[in-house]
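Nothing fancy with the numbering, it's 1 onward along the sequence.
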Amino acid sequence: MGECEFTEGCLFYKGGMEADESRTAELKEKYCMSNSLHCSRFLVASAVGEDSVPGDLFPDEKEKAYIVIAENS
């Protein structure tokens with residue numbers, strides 16, 4: 001799988017979230033560029049829409065993503 005389809009509007013990908021640079025680079029490589037199907041932000045955007053993705057949701061926070069999806073379904 002290639003680059004995530006939501007990168008253009010993704011707050012995390014665009015650098016709009018506070019995080020350690022090395023962590024951000026690692027998460028971008030793991031989720032944004034390689035395997036977006038496992039990204040928490042991708043899961044929420046796909047299930048309930050991009051507008052429902054919390055601004056503070058990191059790609060590796062799946063439990064939080066499942067809660068957001070459940071609350072918005």
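Within 6.0 Å of CG on Asp51 lie no more than 12 heavy atoms contributed by other residues, nucleotides or ligands.
Linking Ile, Leu, Val, Met, Phe, Trp and Tyr whenever their side-chain heavy atoms come within less than 4.5 Å leaves Tyr66 and Phe42 in two separate clusters. With hydrophobic clusters built from ILVMFWY side chains whose heavy atoms lie under 4.5 angstrom apart, Leu57 shares a cluster with Ile69. Under a hydrophobic-cluster definition in which Ile, Leu, Val, Met, Phe, Trp and Tyr are linked whenever side-chain heavy atoms come within less than 4.5 Å, directly or via other members, Phe12 and Tyr31 are assigned to the same cluster. Phe6 and Leu37 fall within the same hydrophobic cluster, where Ile, Leu, Val, Met, Phe, Trp and Tyr residues are linked whenever their side-chain heavy atoms come under 4.5 Å apart, directly or through other members. The cluster map of Ile, Leu, Val, Met, Phe, Trp and Tyr, joined by side-chain heavy atoms under 4.5 Å apart, puts Met33 and Leu27 in different clusters.
Figure legend: cation-pi geometry between Arg23 and Phe58, with NZ or CZ positioned under 6.0 Å from the six-membered ring centre and within 45° of its axis.
The heavy-atom pair separating Leu11 from Gly55 by the smallest distance is CD2-O, 3.4 Å. Residues Glu8 and Lys14 share a closest heavy-atom pair of O-CD, 3.1 Å.
Between the side chain of Ser40 and the backbone N or O of Glu61 there is at least one donor-acceptor pair closer than 3.5 Å. Distance alone, capped at 3.5 Å, places no donor-acceptor pair between the Lys30 side chain and the Asn35 backbone. Here the side chain of Arg41 pairs no donor or acceptor atom with the backbone of Asp60 at under 3.5 angstrom. Judged by distance alone, the side chain of Ser36 and the main-chain N or O of Cys32 form no donor-acceptor pair under 3.5 Å.
Under the 4.5 Å side-chain criterion, counting only non-hydrogen atoms from C-beta, Met17 is not in contact with Thr24. Taking 4.5 Å as the limit, every side-chain heavy atom of Cys4 sits out of range of all side-chain heavy atoms of Tyr13.
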